[in-house]
Protein chains: 2
Amino acid sequence: MTLARVSPTRGARPAVVYSTLRELIVRGQLAPGARIVEMDIAARLRVSRTPVRGALQRLQQEGYIVHSPTLRQSRPSVAPLTRDDAIELFSIVGEIEGLAARSAATLAALLREKLVTDLLAINARLERASRTKTPKHDLLYDLDEQFHRRYVDAAAGPRLRALHDAVKPQAERYERLYVSLLSRGLAPSIREHESITGAIRHGDADAAQRAVQTNWRNAAARLGAVIDTVGERGSW
Amino acid sequence: MTLARVSPTRGARPAVVYSTLRELIVRGQLAPGARIVEMDIAARLRVSRTPVRGALQRLQQEGYIVHSPTLRQSRPSVAPLTRDDAIELFSIVGEIEGLAARSAATLAALLREKLVTDLLAINARLERASRTKTPKHDLLYDLDEQFHRRYVDAAAGPRLRALHDAVKPQAERYERLYVSLLSRGLAPSIREHESITGAIRHGDADAAQRAVQTNWRNAAARLGAVIDTVGERGSW
DNA sequence: CGAAGTTAAATTGTATACAAAATTGCAGCC
DNA sequence: GGCTGCAATTTTGTATACAATTTAACTTCG
């Protein structure tokens, strides 16, 4: 594995370090449980420890890294992937996106029509992609991601979007890890997407919110079952 | 205003700076829109800029401070208090606490009984406090806070609790600012607390979640009306 | 007297030096 | 052979020095 050499303009270094590390963690190249050493990262990215510290702190606050500076016996390491955490995390994502869907259902009719059209198109592509004999996992993931981001971007306020940006990528850690085993059970998810789209189309805020929450609760249950069979990563 | 002089044990400095500043912002002593200067804070707290930077970064990520390092014309300052932000923030708190209430409703019967007893007691005290001729605002705030924290602590997982700890105190900024005008309309809130308690008692997860979300949506509406009459702070 | 350009001050971003703490490895002892 | 205690190394926490950029103030010209 080679890290990209960054020598960016002043003021952007922490952001570059952050997204580089986050990508490594999300994609699993930095494995759950792996120790994080400031010096190493700084050396590899040709930056001083100062911007690295900023990036690490943010990663820790968002849950990619666990740290506990006051407690002994705990130095920074990549957060493990556990069944309980997955279920809690998916519930939270469901709430955040559920709230966005609620707002989406109360958008002006014109905006809402455009939104519904897009959602239908994305979901159709998702269905087509899932029907192929050897589905491309990256494509399936991207389309599901697109579907949800479409209505979040359309309706969420700045605060909710910030929360979404901070929390959602963490679900990607689980999705990427177990997607190969999940792609079979994609049919119910596509059905659930239709419920969401329908509720938004009819302007039923409560139903839209509930549909999204249901979608994520079911996804959590499906993922939980998979984790139970193949085991957790990075926690022992 | 005098800041506490901190010279704490190694490793705790950023946390002390963080909570000191957060308290100042929440209580309004650091007014919305006020500029934040690293050197000043470091000097006043007898610390170097390094721990201050850590604290500021966290405060920014949580929304107490706005920053935009890439954009010109934008140096760190205390986040303003606006009507739209209040409504969005309250919705988010409602989702987080709603999710906790949902879990609370599915707790084991024994734990749930104890929880319900406590909630009833807190709400009774809240009602009594609100009936007095000159209600103590701090007391009213504390009791409402206690009520919600009771079921969050009882049922939320580590992730949800972290989110709650990061988001909830920001609502306090609004509550403290406008509490004097809100305390009159406390009766409906007490009624809503009863619905929450009832749903948890009966183990109805959906109803519990809905009741909490309703409570916060109504609170947002009440607060929004107040802000409309007395104006926003720190945004111009 | 006002406006624009230029210079000085202030403030943040970055790097690095130093100190404290902890982990690891090793040696000696039971 | 394993365990305990000590020492050396690693690693993080803190402070500070320096650089770059922005903000402001002042001067000069119209």
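Just so we're on the same page: letters track the sequence lines, and every chain starts at 1.
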Gap between atoms CZ and P, on B:R53 and C:dG13 respectively (whole Å):
5 Å
Interatomic distance where CZ belongs to A:R10 and P belongs to D:dA19 [whole Å]:
11 Å
How many Å lie between CD on B:E38 and P on D:dC18, as a whole number?
19 Å
Closest listed nucleotide, where the reference is the side chain of A:P76 and the choices are C:dG13, D:dA15, D:dT12
D:dT12
Would you please name every residue forming a side chain to side chain contact (heavy atoms under 4.5 Å, CB included) with B:E145, sequence neighbours left out?
B:Y141, B:R149, B:K168
Tell me: CD1 of A:I41 to C1' of D:dT11, nearest whole Å?
12 Å
Under the side chain to side chain contact (heavy atoms under 4.5 Å, CB included) rule, what do A:H148 and A:D144 come out as? Steps first, then yes or no, please.
CA-CA 7 Å; A:H148 291 283; A:D144 188 77; 3.5 Å; yes
Result for 5'-nearest mapping on DNA chain C, choosing between A:R35 and B:D40, is B:D40
Could you give the CE-to-P distance, from A:M39 to C:dT16, as a whole number of Å?
14 Å
Side-chain N,O (A:S48) to OP1/OP2 (C:dA15) below 4.0 Å
yes
Whole angstroms only, please: what is the CZ-P distance between A:R13 and D:dT21?
11 Å
How many whole angstroms separate atom CZ of B:R46 from atom C1' of D:dT14?
17 Å
Sugar-phosphate, base or nothing in reach of A:I36, heavy atoms under 4.0 Å:
sugar-phosphate
Can you check whether B:H67 has a side-chain N or O nearer than 4.0 Å to OP1 or OP2 of C:dT11?
no
N-O pairing of A:D165 and A:R161 below 4.0 Å:
no
Round to a whole Å and report the spacing from CZ of A:R49 to C1' of C:dC18.
11 Å
Any donor-acceptor N or O pair under 3.5 Å, side chains A:Q213, B:R102
no
